[in-house]
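As structure tokens, the structure follows; a few thoughts come after it.
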Amino acid sequence: MLGIALRDEALVPAIVPASSDLAYAQKVTQAEIDELVTAGLLVATFYKRRLTCPQCGSDHVLVSECCAGCGSGDIAGIPLIYHLTCAAVFPQTTRSRTLEACPKCAAQVDLTSGEFEICGEATSCNACGHQVPESVTMLECQYCRWSGDAAAAVPRRLASFVPTELARRIMQARAS
Amino acid sequence: MIWLSALFKLFVATQPWLAFVLVLVFDVPRDTLSFLNIAVERFVFRKQTVAVVNDADIAIVVPVLNNPGGMLAALHAIRNQTIRPRQVIAIDDGSSDETGAILADARMRGLVDIAIVNNRRMGVSGGCNKALLFVTSPYVLFLDCDTELAPDALAELVTRMQEMNAAAVAGNIAIRNEAESLWTSIQQIEYMIAIDFGRTFLDHFNAIACCSGAMTLFDTAALRAIGGFGAGSGQDLDVTLRLREAGHRISFAPRAWAWTDAPRTFAALVRQRLRWDRDAIRIHIFQHHQLRRFKRWENLGNTIQRYDFINFTLFPTLLLPVFFIGILQVPEGQLGGFLLAGYVLMISVTTLNFAAVLAAYRGPVRPYHLLLLPIFPVYQGIVMKAVRFYAFLSETVWHASRFDGFVPARIRMQLYKVKP
């Protein structure tokens, strides 16, 4: 176990597919790391702040973007065009910069003329047809199958562990 | 009484035509008749109650620019409504202060359902049209960010909307900071007259010309069908007139209250009125051609609305210089008596109007409103009319609204094809 602290490399937590716990590439358990920390050979440093499942506490969560109306993932971002001379705001229906007409005054859209500009983006749902300014971020736990709004997820601070000065001195003494 | 009668004779005999012009300039026949009519009506129907809906599918859109405090007050008032709106959409139109951050916080706290942030100013019309894209309710209320709704305002507006089968319903507005200065107090009297009484009277004839941008409930489908708000300033007047031209009913809900802040200083008040009056003549006359004697297929309400503007706003304002020229022609010895007689006549008429307004006003009446009686006819008949005359002149001759910073410069440049 002492060898782990004397490798001069950081112990970084990683997700293991079959387990809700985190694991380390060095095949060491969390209890062993805690012991080395107590012995003054490893020190914890901030690694990441991750969202975890509010139900099982697992880090195995997948992030997806969904329609705020029906929850479908079949969504697409559409640029919004603003016609400055008639104040119409409408979604761009073609990728061409000149082939559309303003639905309010029938003027031909020309994004290079200064009369039209892109004023943002809407998220359009192909399933329910709703348009919203932005999609909803959803989380799905791969371990317990919980799914819900990302706002419900519990943030968790993860630490990585690096050798202390004491461990380095031992390493140097061993090397010499 | 004898000296009053002598003064009146002097007033009419000195310059009969000028006396007539003066009466027209002061809008005497229209105001007095409408106030008396409504005062009597309110006393007769005072006990009548209106069924208020308990549930309705409404969206509220609040455009905001650099006013986080006003926005929060408006959002809290929305939360206190007796009926809960389905969507609250706030749109930050390129604020340069902390509005964006406070809007994000309001969204986190559930005061806002959809927060739209424009990195570049689109103007009120563009911002409202952008928000309209995301409205899913059959009714949508557009609310100024410095306007606070009374708890039952939404219910009253929807009730009126359904009752009248209207496409737009304006609410009743009072001045929140009316005690701050002489000018805010006098504006409160104006609002009492023009909104609570004026719009109620015009609503009888389906002749409301403008649903205030501060608070108006729209039928979403009707608003979308006319393409939403138009470009440029005065978008509230323009959208009301376009709805009217599309054949829709416009109505007024006198019990749907909201409070807004008015300009505190005379200079700020004049700036605001110049903008409003420039928009009024540009939109009524140049955009909607309301001076045409006859419009094909025009309904009676639209005809009354047009002639209300022509006869009681445009014509008396244009007569103002005639009044001043006429004064110069009054014989020198009689000038003092003529002006005094004219003032006494106006005070008498204003007292009659005030009595009707103060007795039948639906909101609170303060004792100091009476102290404004001696100056109100001069304020309304001379000062504000002179401001309006200048606004009409500057718009007709110099197209002054093209330089109005209310609309972003790049939009004005495209709209008028001139360098602002």
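Just so it is clear: chains get the letters A, B, ... in the order the sequence lines come, proteins before strands, and each one is counted from 1. Note that these values count all heavy atoms, side chains included, but never hydrogens, waters or copies made by symmetry. Given the structure is predicted, the values throughout are model-derived calculations rather than measurements.
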Q | Region of B/Leu132 that comes under 4.5 Å of a non-hydrogen atom in chain A | A | neither

Q: Below 4.5 Å from any heavy atom of chain A, which atoms of B/Ile114 appear? Answer side chain, backbone, both or neither.
A: side chain

Q: Using the test side chain to side chain donor-acceptor pair (under 3.5 Å), find all partners of A/Arg50 that sit at least two apart in sequence or belong to another chain.
A: none

Q: Output the option from A/Gly114, A/Ala122, A/Gly120 having the highest count of non-hydrogen pairs under 4.5 Å with chain B.
A: A/Gly114

Q | Qualifying ring pair (Phe, Tyr, Trp, His ring centres under 6.0 Å) pairs, either residue in residues 83-102 of chain B, two or more places apart | A | none

Here's a test: name every donor-acceptor pair under 3.5 Å between chain A and chain B, with the distance for each.
unit_1   : atom_1 : unit_2   : atom_2 : d
A/Tyr82  : OH     : B/Met122 : O      : 2.7
A/Ala87  : O      : B/Asn129 : ND2    : 2.5
A/Lys104 : NZ     : B/Gly227 : O      : 3.0
A/Lys104 : NZ     : B/Phe229 : O      : 2.7
A/Gly114 : O      : B/Gln414 : NE2    : 3.3
A/Glu117 : OE1    : B/Arg120 : NH1    : 3.3
A/Glu117 : OE1    : B/Arg410 : NE     : 3.0
A/Glu117 : OE2    : B/Arg410 : NE     : 3.3
A/Glu117 : OE2    : B/Arg410 : NH2    : 2.5
A/Cys119 : O      : B/Lys130 : NZ     : 2.5
A/Glu134 : OE2    : B/Arg107 : NH1    : 2.5
A/Glu134 : OE2    : B/Arg107 : NH2    : 3.4

Q) side chain to side chain donor-acceptor pair (under 3.5 Å) with A/Ser160: which residues, sequence neighbours excluded? A) A/Thr45

Q: Taking all non-hydrogen atoms of both residues into account, name the closest pair between B/Phe134 and A/Leu80 and its distance.
A: CZ-CD1, 4.0 Å

Q. By a 4.5 Å heavy-atom criterion (distance strictly below it), what part of A/Cys119 contacts chain B: side chain, backbone, both, or neither?
A. both

